[in-house]
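Below is one structure; the comments refer to it alone.
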There are 2 protein chains.
Amino acid sequence: MTARNPDAARDIPEATVARLPVYLRALTTLADAGTATCSSEELAAAAGVNSAKLRKDLSYLGSYGTRGVGYDVEYLTYQIAREIGVTQDWPVVIVGIGNLGHALANYSGFRSRGFRVVALLDADPRRHDELVAGIEVRPFDELEHIVVESGVAIGVIATPAVAAQAVADRMVAAGITSILNFAPGVISVPDGVDVRKVDLSIELQILAYHEQRKAAGADAREVVR
Amino acid sequence: MTARNPDAARDIPEATVARLPVYLRALTTLADAGTATCSSEELAAAAGVNSAKLRKDLSYLGSYGTRGVGYDVEYLTYQIAREIGVTQDWPVVIVGIGNLGHALANYSGFRSRGFRVVALLDADPRRHDELVAGIEVRPFDELEHIVVESGVAIGVIATPAVAAQAVADRMVAAGITSILNFAPGVISVPDGVDVRKVDLSIELQILAYHEQRKAAGADAREVVR
DNA sequence: TAGATTGTTAATCGATTAACAATC
DNA sequence: TAGATTGTTAATCGATTAACAATC
């Protein structure tokens with residue numbers, strides 16, 4: 001291996017990192033619409049942020065725009081993709097091929113956005129050998145083997161909550177260092193392993209909180225009227 | 001309607017609101033394990049945050065703990081549920097019954113966490129009358145009717161990206177004021193409507209960014225060795 | 001050159017954290 | 001009372017934003 005990307009150490013704020021994929025998606029939309037160049041104002045609108053924030057975010061990556069002109073869509077797309085690390089595909093395993101696992105395996109955006117599903121694993125023998133999105137479902141015990149063979153660094157957990165911690169432990173032991181967890185509840189992992197969590201009912205509850213306050217305001221106005 | 005919840009106006013920071021559902025989940029876990037009382041330290045551990053943050057968050061709701069003792073699990077559960085607004089069920093419609101819509105409709109955590117799926121809608125006639133999770137899939141055109149009849153305030157979009165904006169527009173016109181969007185891409189809505197977005201490939205790209213930096217560090221160490 | 005737009009500065013705002021007085 | 005733990009304060013840290021000098 002060679003020494004590369006020496007400025008990878010330059011640290012980009014976490015809030016900015018979380019928006020880079022949003023910019024990438026917005027740039028793709030612009031490119032599909034035939035746009036070759038865009039201003040920070042246009043790109044910000046497409047991404048749903050304000051332009052000051054966009055420019056500040058991009059400034060952490062470097063100077064990829066032209067004053068008075070804007071950004072070259074293709075060039076900026078490449079620079080952001082490179083910074084995120086999705087100029088090549090990352091091999092991914094999905095564990096838990098229930099309803100959600102099916103949906104994830106079939107998600108076509110995967111491939112086009114820097115990821116390649118190399119294996120679908122499930123502990124239930126009744127699911128084995130089934131084809132999902134053209135990929136055979138294999139026993140969970142093959143995890144270690146697959147991680148080593150395919151150089152998998154990222155794992156997706158789509159199991160029921162009770163199984164999630166055990167799956168995470170096995171993933172970490174096998175060498176996986178990034179986990180996307182769709183199972184409800186907290187999983188704990190050693191330092192150096194990143195976990196991101198997607199929880200449907202948490203998202204809905206956050207909406208419910210705001211919804212309740214809107215309703216409370218409406219009630220109050222109703223009473224006054 | 002009666003005037004209620006006068007302190008609903010007291011504003012709770014957004015970061016705190018986003019964690020309240022996490023605390024609720026952690027409390028449920030503790031209750032299931034038979035725990036009647038817990039310290040901020042224990043609850044924080046179960047929720048995956050530090051205890052100072054937990055206490056600060058809870059302080060926005062009121063004083064529901066006992067110094068020297070801790071929190072009564074059942075009482076705190078109720079107080080947080082009340083604050084979030086999930087002491088009764090919110091009716092929800094899901095639009096787009098593909099793989100993901102199926103998974104969402106079948107998600108059992110829905111019902112137990114304050115939500116009730118009242119309708120599944122899809123624009124494709126071939127999906128109509130199909131039963132998903134015991135609920136009949138109905139034409140998208142019934143949206144307005146269902147929203148009014150069932151008093152739906154929260155809508156879930158699980159359609160392909162191209163349809164998402166049109167669905168959102170119809171939802172807003174029908175009176176929905178909170179949207180959970182699983183379709184990739186930005187949707188725009190008027191002020192007063194809340195949108196939360198769940199995007200699989202964005203989550204994976206955030207993991208990829210950190211993964212790449214771990215790999216870069218390993219490379220550098222490799223070269224030095 | 002004149003107009004446009006970036007990249008950066010500096011002020012402001014919000015979130016986190018440690019420490020500890022209050023109090024059970 | 002002594003020990004434990006909350007609720008709050010205040011300091012710190014990180015994120016957002018407006019404004020504008022730099023520059024195409």
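The chains referred to below are lettered A, B, ... by the order of the sequence lines, with proteins before strands, and numbering in each begins at 1.
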To the nearest Å, give me how far apart [atom1] ([X]) and [atom2] ([N]) are.
{"X": "B:Lys53", "N": "C:dA19", "atom1": "NZ", "atom2": "C1'", "value": "17 Å"}
{"X": "A:Asp72", "N": "D:dC24", "atom1": "CG", "atom2": "P", "value": "16 Å"}
{"X": "A:Leu58", "N": "C:dT8", "atom1": "CG", "atom2": "P", "value": "11 Å"}
{"X": "B:Leu20", "N": "C:dA15", "atom1": "CG", "atom2": "P", "value": "13 Å"}
{"X": "B:Tyr64", "N": "C:dC24", "atom1": "OH", "atom2": "C1'", "value": "19 Å"}
{"X": "B:Lys56", "N": "D:dC13", "atom1": "NZ", "atom2": "C1'", "value": "15 Å"}
{"X": "A:Arg55", "N": "D:dA15", "atom1": "CZ", "atom2": "C1'", "value": "16 Å"}
{"X": "A:Leu54", "N": "C:dG7", "atom1": "CG", "atom2": "P", "value": "10 Å"}

- Message: Go nucleotide by nucleotide along DNA chain D from the 5' end; which of A:Asp57 and A:Gly68 gets its closest nucleotide reached first?
- Response: A:Asp57
- Task: For A:Ala15 and for A:Thr66, find the nucleotide of DNA chain D with the closest heavy atom, then tell me which residue's nucleotide is more 5'.
- Result: A:Ala15
Using a cut-off of less than 4.0 Å, is there contact between a side-chain N or O of [X] and OP1 or OP2 of [N]?
{"X": "B:Tyr71", "N": "C:dC24", "result": "no"}
{"X": "B:Ser40", "N": "D:dT6", "result": "yes"}
{"X": "A:Arg19", "N": "D:dT16", "result": "yes"}
{"X": "B:Tyr60", "N": "C:dG14", "result": "no"}

Looking at the side chain of [X], which of [options] is the nearest nucleotide?
{"X": "B:Glu14", "options": "C:dT17, C:dA15, C:dG7", "result": "C:dA15"}
{"X": "B:Pro13", "options": "C:dT17, C:dA15, D:dT17", "result": "C:dA15"}
{"X": "A:Ala52", "options": "C:dG7, D:dT17, D:dA15", "result": "D:dT17"}

Looking only at the side chains, is there a donor atom on one of [X] and [Y] sitting less than 3.5 Å from an acceptor on the other?
{"X": "B:Ser40", "Y": "B:Arg55", "answer": "yes"}
{"X": "B:Arg25", "Y": "A:Ser201", "answer": "yes"}
{"X": "A:Arg213", "Y": "A:Tyr209", "answer": "yes"}
{"X": "B:Ser59", "Y": "B:Asp57", "answer": "no"}

- Partner nucleotide of D:dC20 by Watson-Crick or wobble geometry (both distances under 3.5 Å): C:dG7
- Query: Checking side-chain contact (heavy atoms from CB on, under 4.5 Å) for the pair A:Arg111/A:Asp89: CA distance, chi angles, key distance, verdict?
  - Reply: CA-CA 8 Å; A:Arg111 191 58 189 254; A:Asp89 279 355; 3.1 Å; yes
- Please confirm whether any donor atom in the side chain of B:Arg67 sits under 3.5 Å from an acceptor in the base of D:dT5, or the reverse. no
